[in-house]
Amino acid sequence: MDDVKAIHSGDYRATAEKEPAYAKITTFFAKSREYNCFYAWFDSGCIDQKNNAELTESIPAMYKWYQNANVCIVRLAGAVVGSNISDDDWFQRGWTLQELIAPTHLKIYDVLWNPVTTDRYDIIREPDWTTQGNISGPLARSLKPENPPEPSHITHEILNATGRAPLVISWMVHRRTTQPEDRAYCILGLLALYIQMPLERGEAFEKAFFRVQMYAFACTRERGLLVWIGTPSVYNSMFASTPESCDFFLQTIDPISNEDAAICVIQPSFDVPHLVDKNTVKMLIYSLLDSSIISPEHSSAIMANITPSSQTAGIPGNLFLGILGSHSLKNSENPFNAADWEWNSAGRLPSDMPDVLHYAVLLVGNPSLLDQPFARVHTHRHIWLNPGWAEGAEPLLAGAFSESLSQPNQFLSLYTMTSATPEERYALITRGLDEVLGGQQIQAILAEGKHPKCYWGTAPTGRPHIGYFVALNKIADFLRAGVEVKILLADVHAFLDNMKAPLDLVAHRTKYYEYILLAVFHSLGIPTSKLVFVQGSSYQLTKEYNLDNYKLCATVSEHDAKKAGAEVVKQVESPLLSGLLYPGLQALDEEYLGVDFQFGGVDQRKIFTFAELYLPKLGYRKRAHLMNPMVPGLGGGKMSASDPNSKIDLLDPPEVVRKKIKSAFCEEGNVEDNGVLSFVGAVLIPISQLRKERAEGKTMDDAEEGKDVETTGDQRPFATADAPEGTLFTVERDEKFGGNLHYDSFNSLKAAFAAKDLHPKDLKLAVANAIISLLAPIRKSFEENEDWQKVEKLAYPDPNAKPEKKKKKEKVYHPPPPGKGKDANKPTESIAAVPDSTTSSPPPPIVVGPEVTAQASES
RNA sequence: CCCCCGGUAGCUCAGUUGGAAGAGCGUGAGACUGUAAAUCUCAAGGCCACUGGUUCGAUCCCGGUCUGGGGGACCA
């Protein structure tokens with residue numbers, strides 16, 4: 001229909017009637033009338049190919065449009081009645097697949113508009129769920145052989161069934177499109193109705209194919225998408241890289257035998273904003289069972305082994321089903337890295353294995369084959385497994401599966417909750433905090449053996465300062481306690497809060513924040529693979545979110561909104577409306593991020609109580625709130641982002657750090673109003689504590705802490721080599737004043753300072769050195785990362801560079817005539833200044849200014 | 001849409017019947033203390049929003065523009 005496109009885009013009024021496409025369209029309309037249709041739709045004329053928004057909306061919907069049409073009329077451009085119509089190009093193209101499959105009533109004409117059969121309809125499919133198994137009509141089941149499965153044989157029942165994905169995808173193997181990415185896009189509607197996936201023209205096929213699978217999976221949880229054989233997508237190894245991987249309907253695949261094995265690897269990518277959850281793993285097991293990879297008798301044996309009714313049925317022969325996981329890998333790295341699987345070398349699952357994994361591997365087959373690469377199944381020789389599993393020697397494994405099937409949320413929790421009691425976890429989660437609201441909720445979650453979810457949000461406004469260490473360090477505690485942590489980059493909030501980040505900067509600042517937060521986490525030894533970064537605008541602009549926001553606006557009084565934001569939202573003389581929305585959005589985030597509690601500074605308290613009050617009024621669950629203490633500013637008062645001297649930026653170079661610490665207010669013996677001392681208590685001691693515990697191996701759930709390959713910088717506590725056991729902070733001091741001082745707690749340090757045993761200057765030097773050592777790795781990663789540096793320039797344009805030195809207008813001084821002017825009543829002075837001017841005529845202008853030339857007098 | 005008021009140093013604001021721009025706070029340097037603060041001494045900083053006009057001369061008077069605030073717009 002390329003000719004139609006020409007009409008569509010060109011000036012058709014003059015030439016339209018001469019175009020062949022015009023005749024085609026009018027005939028199409030005439031045929032439509034024969035089927036009593038008064039409205040007709042055709043793709044090339046009714047979708048503006050240049051309008052990306054329209055495309056995005058249309059493409060997934062087209063399937064539904066075809067399905068709901070009274071009749072779908074097809075004209076084969078390369079066939080005439082009598083020839084073999086199934087050779088026509090229409091059966092080879094990608095976009096035409098849904099035209100063949102979706103309609104309830106399909107009528108096919110040849111190139112001369114002769115109907116290919118005398119029947120009113122050629123293929124009729126019943127759409128109703130009771131009759132969807134029916135397919136009839138003269139061309140149904142007769143155009144092509146039934147095997148391999150062919151679209152003209154397929155009923156809607158099959159298309160709606162779980163496990164349909166490989167079938168649908170396999171049809172694309174032999175179909176083609178003009179644009180490579182369309183080969184992926186055109187099955188979107190078949191896989192998931194009503195899905196909205198942004199289309200990118202010129203996108204590489206593999207990326208497009210991955211996104212189609214991901215969106216379809218997110219939308220439908222169609223587990224058939226996980227069933228494929230071949231090379232995994234580079235974007236996410238859950239999914240196939242090409243449609244050919246799903247083509248096992250077309251080729252003979254031997255079921256897994258005792259001499260064979262299959263491995264599936266689940267690896268979420270950054271594009272999938274959640275970790276592999278238990279249900280995904282479970283679904284993968286089912287999809288393996290569904291697939292023809294596993295022979296029926298093995299399949300039933302596995303089922304028997306994992307269903308709760310049977311105890312220890314055992315799997316015949318060497319066949320076994322195993323599961324592994326790792327959370328130490330970076331998304332981009334090869335999951336088959338031997339080093340990352342070392343923890344399995346003990347021959348059993350680790351006792352503190354979390355139920356949320358970054359990688360999960362399901363294995364079916366003969367473990368002795370794992371030392372060799374497989375032809376059909378992607379795998380790698382480096383995986384090590386304990387063969388003992390195969391013989392059912394690990395009854396826990398079977399127990400885990402049966403547990404998982406009876407209680408969907410308990411999958412693998414057998415392994416995760418053995419190392420620490422709920423009480424210990426709760427104590428770890430809440431230690432060092434200023435206040436906890438709704439702690440019982442967290443205790444209840446822990447008591448059930450589940451992992452609480454939390455989020456910490458930050459609005460990308462000014463450059464982050466060292467106060468961030470308090471919150472970020474606390475997150476290490478959360479991870480150790482098995483909390484799932486999301487980091488919200490609240491870009492929308494940054495804009496709403498008095499436009500602290502203008503719209504053109506906010507995207508860059510978000511990126512900048514992501515870089516710097518990652519660098520800080522790495523410098524603290526916190527494995528970032530466990531953290532999920534979420535950008536606020538990724539969900540805060542959706543329809544549902546906005547509707548909830550409006551609901552909230554109709555619930556909250558202006559007075560309450562204003563009060564809730566009083567501490568956090570910048571208070572100005574004439575506040576903007578956006579500031580009133582701020583607390584509401586933050587409340588909704590708890591629901592939309594699906595967390596159990598929110599974590600933030602005590603300055604967030606009003607917003608937190610606001611959320612606790614109003615979220616239930618929208619029918620949502622009330623969340624718990626944890627608040628960390630605030631670090632006071634160096635000059636006393638708040639550490640404010642707007643006052644550069646009250647804060648130290650995370651990227652400040654050592655000289656600046658020393659200078660700022662030096663100028664801080666720090667009165668001898670004064671422990672109340674002392675920013676330097678408070679910083680030791682709020683940041684340095686906790687970090688030291690964390691490092692000490694890590695050195696002692698007390699990291700509980702977070703086994704990777706400090707071992708992450710990304711970890712940068714010195715990870716020792718702030719204590720010198722000569723410090724006694726248990727020292728958390730050493731103050732180096734000149735022998736003249738008595739030598740080094742060692743403290744094992746903040747209280748002892750504070751007491752020493754109050755008693756004036758510890759001099760402010762010594763403290764300042766020690767603190768400055770500690771801060772410098774904390775910041776060094778962050779600065780280093782900044783200097784090594786060119787992208788980050790580019791983003792920094794875009795995010796924080798130099799204000800001094802912007803106003804291109806306004807040229808000064810030359811000033812011409814016109815002395816007042818004698819007797820006039822300000823000093824007229826002091827005649828001696830003015831006459832002395834202009835001795836020649838005795839008349840009343842004004843003196844000539846005197847040009848003032850260094851670079852003034854003749855131009856001045858011209859003007 | 002109508003009326004009123006404002007825009008001067010980083011901040012809060014003075015000021016001039018039109019005659020080379022001021023304070024307080026803040027900032028920087030120095031002195032005094034084993035840090036800082038306090039105190040003292042010194043210093044830096046302004047297209048007086050933009051743009052036309054009147055004038056020998058405009059931050060000031062007049063017009064326009066931009067921008068911020070307050071009030072009104074037939075309800076009492």
Side-chain angles (χ1 to χ4, degrees), chain A residues 462 498-499 570-577 632-637 640-648 655-680 731-741 749 752-754 756-771 798-800 802-827 829-834 836-852 855-859:
Chain A
N498 212 262
M499 293 193 290
K570 190 173 185 188
Q571 298 298 297
V572 288
E573 200 178 354
S574 47
L576 297 171
L577 178 60
L634 296 172
S640 154
S642 52
D643 181 3
N645 277 324
S646 74
K647 58 158 190 170
I648 293 172
E655 320 84 71
V656 177
V657 173
R658 272 190 246 276
K659 206 186 103 202
K660 285 182 177 173
I661 290 289
K662 185 178 174 301
S663 64
F665 174 71
C666 186
E667 191 182 4
E668 187 166 19
N670 180 349
V671 293
E672 293 308 316
D673 189 19
N674 195 323
V676 181
L677 192 66
S678 307
F679 187 78
V680 177
V731 176
E732 293 189 75
R733 189 167 64 171
D734 201 313
E735 291 298 336
K736 183 170 67 179
F737 299 114
N740 291 359
L741 293 164
L749 189 148
F753 191 85
K756 303 190 182 182
D757 291 337
L758 173 58
H759 192 271
K761 187 168 188 184
D762 296 324
L763 177 69
K764 279 189 173 180
L765 286 174
V767 169
N769 285 332
I771 291 175
D798 189 355
N800 299 329
K802 210 164 38 176
E804 338 145 353
K805 45 176 179 180
K806 313 168 195 169
K807 50 179 178 183
K808 286 206 173 186
K809 193 170 62 180
E810 307 92 3
K811 280 204 168 176
V812 180
Y813 175 54
H814 301 269
K820 296 201 171 186
K822 222 184 211 172
D823 303 327
N825 36 6
K826 287 189 253 174
E829 303 250 339
S830 60
I831 288 171
V834 273
D836 289 338
S837 301
T838 48
T839 65
S840 61
S841 65
I846 298 169
V847 175
V848 181
E851 68 283 327
V852 182
Q855 297 159 348
S857 50
E858 281 169 21
S859 62

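The figures here come from the full heavy-atom set of this structure, side chains too, leaving out hydrogens, waters and symmetry mates. To find a chain, count down the sequence lines: A is the first, B the second, and so on, and within it residues start at 1.
Base engagement by Lys764(A) is indicated by at least one non-hydrogen atom pair under 4.0 Å involving a base atom. Among the heavy atoms of the strands lying under 4.0 Å from Asp762(A) is at least one base atom, whether or not backbone atoms are also near.
In a base pair of the Watson-Crick type (N1 to N3 plus N6-O4 or O6-N4) or a G-U wobble (N1-O2 and O6-N3), with each distance short of 3.5 Å, A73(B) is matched with no nucleotide. As the counterpart of A43(B), U27(B) is assigned, both hydrogen-bonding distances of the Watson-Crick or G-U wobble pattern falling under 3.5 Å. Searching all strands for a Watson-Crick or G-U wobble partner of G6(B) with both distances below 3.5 Å returns U67(B). In this structure, C32(B) makes no Watson-Crick or G-U wobble pair, since no nucleotide meets both defining distances under 3.5 angstrom. Base pairing of G52(B) is made with C62(B), judged by Watson-Crick or G-U wobble geometry with both donor-acceptor distances under 3.5 Å.
Neither OP1 nor OP2 of G68(B) sits under 4.0 Å from any side-chain N or O of Ser574(A). Contact annotation: Lys662(A) side-chain N/O to A36(B) OP1/OP2 distance is under 4.0 Å.
In this structure a side-chain-to-backbone donor-acceptor pair under 3.5 Å is missing from Lys662(A) to Ala768(A). Of the possible polar contacts, one joining the Asn670(A) side chain to the Asp673(A) backbone as a donor-acceptor pair under 3.5 Å is found. Of the possible polar contacts, one joining the Arg733(A) side chain to the Gly739(A) backbone as a donor-acceptor pair under 3.5 Å is found.
Across G52(B) and C5(B), the matching C1' atoms stand 24 Å from one another, rounded to whole Å. Between U67(B) and A20(B), the distance separating the two C1' atoms is 29 Å to the nearest Å. Taking the C1' atom of each, G63(B) and G24(B) are spaced 36 Å apart, rounded to whole Å. Comparing the P positions of G30(B) and A36(B) gives an interatomic distance of 11 Å, to the nearest angstrom. One P atom belongs to C4(B), the other to G46(B), and the distance between them is 36 Å to the nearest Å. The same atom, P, is picked in A23(B) and in A9(B); the two are 14 Å apart, to the nearest Å. Nucleotides G22(B) and U16(B) are separated by 13 Å at their P atoms, to the nearest Å. Comparing C61(B) with A14(B), their P atoms sit 15 Å apart, to the nearest whole Å.
Taking both residues in full, the closest heavy atoms of Cys666(A) and Pro760(A) are given as O-CB, 3.6 Å, listed atom of the first, atom of the second, then distance. Minimum interatomic distance between Asn769(A) and Arg658(A) (heavy atoms only, all atoms of both residues): OD1-NH1, 3.1 Å.
Atom CG in Asn670(A) sits about 16 Å away from atom P in U35(B), given to the nearest Å. Taking atom CG of Leu677(A) as the reference point, atom P of A36(B) lies 18 Å away to the nearest angstrom. Rounded to whole Å, atom C1' of G34(B) lies 13 Å from atom CG of Leu758(A). Atom C1' of nucleotide A37(B) and atom CG of Leu763(A) are separated by 16 Å, given to the nearest angstrom. Spacing between atom CG of Asp673(A) and atom P of A38(B) amounts to 12 Å, rounded to whole angstrom units. As rounded to whole Å, 13 Å separates atom P of U35(B) from atom CZ of Phe753(A). Spacing between atom NZ of Lys761(A) and atom P of A37(B) amounts to 13 Å, rounded to whole angstrom units. Counting to the nearest Å, the P atom of A37(B) and the NE2 atom of His759(A) are 14 Å from each other.
Comparing Cys666(A) and Leu576(A) along RNA chain B, the residue whose closest nucleotide (by nearest heavy atom) sits nearer the 5' end is Cys666(A).
Side-chain contact between Leu749(A) and Leu677(A): present, with at least one pair of heavy atoms (C-beta onward) separated by less than 4.5 Å.
Taking 90° from 0 as the syn/anti boundary, the base of G15(B) is oriented anti.
Here A36(B) is the nucleotide among G68(B), G34(B), A36(B) with the atom lying nearest to any side-chain atom of Glu667(A).
Residue Phe753(A) is tested with Val676(A), Leu758(A), Val731(A), Val680(A) for a side-chain contact (heavy atoms from CB on, under 4.5 Å); the sole match is Leu758(A).
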